[in-house]
Asks: 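Next up is a structure, given as structure tokens.
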Amino acid sequence: ITTTLPNVAEAVRALAAALDDGRAESRRFVLDVLQRLGAAARPAAPAVARVLRTADANLHYPAVSLLQALGAPSKEVVPELVAALKGPNN
């Protein structure tokens, strides 16, 4: 996937919104696409962090892996990470 397309920012916003889909298969696909986009996916970090609050533990590792690849956590991501650590899914 090339990250030089002019519509990457718009695609990242749409992908971040798609993470709210209730289907694990959809979320997993979106996480994979965002991973392939690399640093261009950084604006999706808060939505990726919210995946950690889901009951589907199979999505947690891909979400954490993506957050790590995107770089240092932003102020929007840290509260989600703390909530996930305190949550009932641990």
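Position 1 is the first residue of the sequence, and the numbers go up from there.
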Asks: Say you draw a straight line from CG of Leu59 to CG of Leu52; how long is it, rounded to the nearest 0.5 Å?
Replies: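 That separation rounds to 9.5 Å.
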Asks: Is there a side-chain contact (heavy atoms from CB on, under 4.5 Å) between Leu19 and Leu31? Walk through the geometry before answering.
Replies: CA-CA 8 Å; Leu19 285 173; Leu31 290 171; 4.0 Å; yes
Asks: Can you tell me how far apart CZ (Arg13) and CG (Leu15) are? Round to the nearest 0.5 Å.
Replies: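 Reported value, rounded in 0.5 Å steps: 11.0 Å.
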Asks: Which atom pair, heavy atoms only, marks the closest approach of Ala47 to Ala16?
Replies: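 Ala47 and Ala16 have their closest heavy atoms at CB-O, 3.7 Å.
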Asks: Who passes side chain to side chain donor-acceptor pair (under 3.5 Å) against Ser65, sequence neighbours left out?
Replies: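 With neighbours one apart ignored, the set is empty.
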Asks: Between the main-chain N or O of Thr54 and the side-chain N or O of His60, is there a donor-acceptor pair closer than 3.5 Å?
Replies: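 Side chain of His60 to backbone of Thr54: a pair is present.
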Asks: Can you name the nearest heavy-atom pair linking Pro46 to Val77, along with the distance?
Replies: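 Smallest interatomic distance, heavy atoms only, reads N-CG2, 3.9 Å.
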Asks: Minimum heavy-atom separation for Val8 to Ala40, with atom names?
Replies: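 Val8 and Ala40 have their closest heavy atoms at CG1-CB, 3.7 Å.
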Asks: Determine the minimum heavy-atom distance between Ala63 and Val48, stating which atoms define it.
Replies: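 So the minimum-distance heavy-atom pair works out to O-CG1, 3.5 Å.
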Asks: About how many Å separate CG of Leu34 and CZ of Arg27, when rounded to the nearest 0.5 Å?
Replies: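 It comes to 13.5 Å.
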Asks: Please give me the minimum heavy-atom distance between Ala18 and Val30, naming the atom from each residue.
Replies: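 Nearest heavy atoms, Ala18 then Val30: CB-CG2, 3.8 Å.
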Asks: Shortest non-hydrogen contact from Ala45 to Leu67?
Replies: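 So the two residues come closest at O-CD2, 3.6 Å.
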Asks: Taking the side chain as every heavy atom from C-beta outward, state whether Leu66 and Val51 have any atom pair closer than 4.5 Å.
Replies: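 They are not in contact (no side-chain heavy atoms under 4.5 Å apart), so the answer is no.
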Asks: Hey, is Asp32 close enough to Arg28 for a salt bridge, meaning N to O under 4.0 Å?
Replies: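 Salt bridge present between Asp32 and Arg28.
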Asks: Apply side chain to side chain donor-acceptor pair (under 3.5 Å) to Glu80 and list each qualifying residue two or more places apart in sequence or on a separate chain.
Replies: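 Expected list: Arg53.
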